[in-house]
2 protein chains.
Amino acid sequence: MSVSLKDVAERAGVSIKTVSNVVNNYRHVTPAMRAKVQRAIDELGYRPNLTARHLRKGRTGILALAVPELGNPYFAELAGAVIDVAAEHEYTVLLDHTGGRREQEILVSQGFRARVIDGLILSPIELEREDLLGRDHDAPLVLLGEREYDLPYDHIAIDNVAAARSAIRHLLAVGRSRIAFLGARTDRVNEPSHLRLRGWRAELTEAGLPAPDSMIAPTGGWDHPDGAAAMARLLDSGVLPDAVFAYNDLIAVGAMRVLSERGLRVPEDVAVVGFDDITEGRYGAVTLTTISPDKQTIARLAVQSVVERLHGTPGPTDGQEATGGAGTPAGTPGATRARELRADFRLVERESTVGSG
Amino acid sequence: MSVSLKDVAERAGVSIKTVSNVVNNYRHVTPAMRAKVQRAIDELGYRPNLTARHLRKGRTGILALAVPELGNPYFAELAGAVIDVAAEHEYTVLLDHTGGRREQEILVSQGFRARVIDGLILSPIELEREDLLGRDHDAPLVLLGEREYDLPYDHIAIDNVAAARSAIRHLLAVGRSRIAFLGARTDRVNEPSHLRLRGWRAELTEAGLPAPDSMIAPTGGWDHPDGAAAMARLLDSGVLPDAVFAYNDLIAVGAMRVLSERGLRVPEDVAVVGFDDITEGRYGAVTLTTISPDKQTIARLAVQSVVERLHGTPGPTDGQEATGGAGTPAGTPGATRARELRADFRLVERESTVGSG
DNA sequence: ATGAAAGCGCTAACAA
DNA sequence: TTGTTAGCGCTTTCAT
């Protein structure tokens with residue numbers, strides 16, 4: 001076993017408390033004493049046992065982040081940002097992925113996968129409101145992403161409806177009118193895609209254009225193959241759009257691949273807009289126009305939200321915007337009301353809509 | 001605070017030990033007793049305090065994985081695999097990224113960032129042998145990736161020289177002879193790229209072809225922009241290769257982008273081979289031929305290695321291959337010798353070398 | 001089969 | 001300013 005406070009204390013001929021004081025940089029320690037203790041620490045190679053410290057303090061210094069899929073660059077990049085922000089707050093991040101499967105998301109939300117954590121940041125796909133209703137876990141929870149629950153947990157997202165509308169507006173501005181939506185799920189109401197779909201519909205309707213169901217191509221998942229399959233199915237069904245708005249960049253890239261296989265040029269024949277602004281979209285043969293969510297802010301708001309609840313400092317939100325939510329998070333010290341936190345987004349115009357001219 | 005063993009014991013009118021027995025599924029507990037205790041547990045909503053358990057048992061059930069960059073899909077996908085394998089062994093994964101910076105890698109190796117961990121899987125970029133020489137940390141360490149150290153730690157990688165050679169052999173087979181290498185670092189000997197570079201050189205030499213330095217394009221990093229910049233520099237220098245072997249897929253995709261901007265066709269004018277087999281390479285306008293390392297096996301071997309040292313079961317390696325290493329890992333129960341573990345790889349032929357015919 | 005009590009390494013009252 | 005001591009919640013001898 002390794003060196004403990006007691007060993008150091010004996011070696012230095014002082015009490016445990018004094019050593020603890022030195023280790024924790026307490027004010028009232030004479031320089032001489034500090035030096036003596038420090039020497040013993042160095043000689044013995046003492047390193048504090050975090051587990052013991054945590055048991056005592058009731059906290060672990062670990063935050064969990066659960067995303068659907070690490071293979072999706074958007075989530076990987078977001079995870080990287082969360083890790084960095086957490087480090088600034090002296091927290092380490094335990095990462096988990098749920099595959100977007102409801103049971104996994106439930107397990108995570110109840111702390112069965114990632115245990116020993118102080119707080120949890122969860123980006124759900126299939127999770128239902130009721131799954132969170134009876135959540136019995138001390139760790140503060142913050143929700144990320146497109147879905148909206150009326151629950152006492154902070155929720156962080158960009159304005160998906162507005163983002164979708166701005167994408168469609170851009171497509172209209174470059175002269176398109178038959179704009180398909182790729183990547184909807186139509187089986188439930190509160191789907192990840194429903195807000196973006198709503199934006200698509202609203203903007204088209206407002207422009208006096210039809211938004212027929214035939215222009216909505218559902219996908220089973222949200223990866224390249226799903227986009228490719230959906231695009232192929234749409235074309236096979238005899239529908240030829242002059243633009244495509246995809247639920248995310250991976251779907252958009254998959255769709256572009258199919259378009260080029262079919263001899264359709266992007267953007268001349270079909271313009272494409274994605275969502276997420278992953279690096280990949282900047283380096284294809286045709287670069288991808290996309291909605292770029294402010295990942296840094298999302299990460300910062302998420303970590304901040306958890307840390308605030310942990311430390312009981314409701315404090316100023318310092319986010320872009322905050323509107324009242326519902327109720328009060330259970331079992332959290334800083335029991336401020338749940339907040340709806342918004343991060344910014346912007347439309348990045350690239351070749352897939354405006355060409356390389 | 002939450003419910004403790006003691007609370008449950010009082011509620012059930014039994015001793016703490018009995019409750020502990022029930023919680024831990026010990027054999028010798030009468031069904032009646034078990035039922036009674038279980039009822040108290042349910043009523044109180046008791047959940048064991050993992051931190052306390054860990055303090056007592058001396059282990060935390062947490063493994064750390066540190067990769068250079070989560071934004072690189074290769075590492076993101078690898079991380080996903082590690083998380084899954086670790087879960088099979090009942091470990092959770094704490095993820096960290098080092099940015100490939102030496103100081104960060106040193107910090108991680110000594111457990112300064114991720115503390116409270118039982119073991120560490122590290123994929124270093126700049127770390128030097130000496131940085132690990134005096135490593136003073138109980139947690140077993142396993143090294144991943146291209147670099148080779150003669151140190152008492154298990155190392156897991158594919159055979160990079162062989163992989164590079166097979167890539168070059170493929171390019172030769174499709175009729176190329178002026179094959180550039182993109183993504184070398186020439187400033188040090190033990191660079192991540194040096195084994196692949198060696199394979200490039202060996203295969204060319206064996207084929208009686210020149211392998212001039214002018215065909216080696218260094219990069220500052222390993223992302224799209226680095227590949228694009230290196231390709232542009234190479235072309236600007238007046239060198240026109242008929243093939244490019246890139247250190248990784250991101251560099252390859254960046255290079256392809258520049259090629260297409262310059263009006264060069266892939267593969268007609270320039271064939272391209274990458275390394276990593278990230279999903280992105282399968283969905284570009286031109287799909288990418290690449291070396292596909294067996295990520296599953298890498299993840300499995302890595303987790304296995306750490307877990308074995310932790311549990312003191314040297315056990316059968318069950319990897320593809322194992323050659324003797326150096327010395328004995330310090331401070332690990334199962335002090336078997338350090339092993340050189342190999343995972344498989346395969347060449348995946350796609351359009352960037354064989355066209356879409 | 002169950003209970004009593006010690007102690008993992010640390011922090012935080014409280015004393016001195 | 002430094003020392004003493006009581007736990008944090010759990011597992012684990014050792015009794016019974």
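Everything numeric here is computed off the predicted structure, so don't read it as measured data. Side-chain atoms are counted along with the backbone in the values below, which use heavy atoms only and exclude waters and symmetry mates. Order of the sequence lines fixes the chain letters, A, B, ..., with proteins taken first and strands second; residue numbering starts at 1 for each chain.
Across the protein-nucleic acid pair, H54(B) atom NE2 and dC8(D) atom C1' stand 15 Å apart, rounded to whole Å. What separates CG of D7(A) from P of dC8(C) is a distance of 10 Å, to the nearest Å. Residue R27(A) contributes atom CZ, which lies 14 Å from atom P of dT2(D) at whole-angstrom precision. dT11(C) atom C1' lies 13 Å from atom CG of L50(A), rounded to whole Å. Remark: C1' of dC10(D) and CZ of R53(A) are 20 Å apart, rounded to the nearest angstrom. Whole-Å rounding puts the H28(A) NE2 to dA12(C) C1' distance at 15 Å. The CZ atom of R47(B) sits 15 Å away from the C1' atom of dG9(D) (whole-angstrom rounding). Atom CE in M33(B) sits about 12 Å away from atom P in dA1(C), given to the nearest Å.
Among residues two or more places apart in sequence or in another chain, the side chain to side chain donor-acceptor pair (under 3.5 Å) test is passed with T60(A) by D118(A). For the side chain to side chain donor-acceptor pair (under 3.5 Å) test, no residue two or more places apart in sequence or in another chain qualifies with T30(A).
With contacts defined as side-chain heavy-atom distances shorter than 4.5 Å, the pair V142(B)/L341(B) does not qualify. Residues D7(B) and S4(B) form a side-chain contact, since some pair of their non-hydrogen atoms from C-beta on lies under 4.5 Å apart. Within the 4.5 Å cutoff, the side chain of H311(A) has no heavy atoms near those of the H89(A) side chain. Looking at R309(A) and D154(A), their side chains come closer than 4.5 Å, going by heavy atoms from C-beta outward. Side chains of V3(A) and R11(A) form no contact here, defined as non-hydrogen atoms less than 4.5 Å apart. Contact check for L120(A) versus V306(A): no side-chain heavy atoms found under the 4.5 Å cut-off. Proximity of Y153(A) to R135(A): side-chain heavy atoms (C-beta onward) are separated by under 4.5 Å at one or more points. Inter-residue side-chain proximity for L144(B) and L78(B) is flagged as met; some heavy-atom pair is nearer than 4.5 Å.
Comparing the local axis fitted to the first five base pairs of the helix from dA1(C)-dT16(D) to dA16(C)-dT1(D) with the one fitted to its last five gives a bend of 40°, rounded to 10°.
At a cut-off of 3.5 Å, with distance as the only test, a side-chain donor of H97(B) or D84(A) sits close to an acceptor on the other residue.
Closest-nucleotide positions on DNA chain C for A52(B) and K57(A) were compared, and the one nearer the 5' end corresponds to A52(B).
For the contact set between residues 36-43 of chain B and DNA chain D, defined by any heavy atom under 4.0 Å, there are no members. Taking every heavy atom of residues 18-25 of chain A and every atom of DNA chain D, pairs under 4.0 Å involve T18(A), by number.
The closest donor-acceptor contact from the side chain of R102(B) to the backbone of D131(B) lies at 3.5 Å or more, if one exists at all. At distances below 3.5 Å, not a single donor-acceptor pair connects side-chain atoms of R129(B) with backbone N or O atoms of L151(B). Between the side chain of H155(B) and the backbone N or O of G145(B) there is at least one donor-acceptor pair closer than 3.5 Å.
Look at Y26(A) and you'll find a side-chain N or O under 4.0 angstrom from OP1 or OP2 of dA12(C). For the pair T30(A) and dT2(D), the criterion of a side-chain N or O lying under 4.0 Å from OP1 or OP2 is met.
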What nitrogen or oxygen pairs link the protein and nucleotides 4-7 of chain C at under 3.5 Å?
unit_1	atom_1	unit_2	atom_2	d
dG7(C)	N2	R56(B)	NH1	3.0

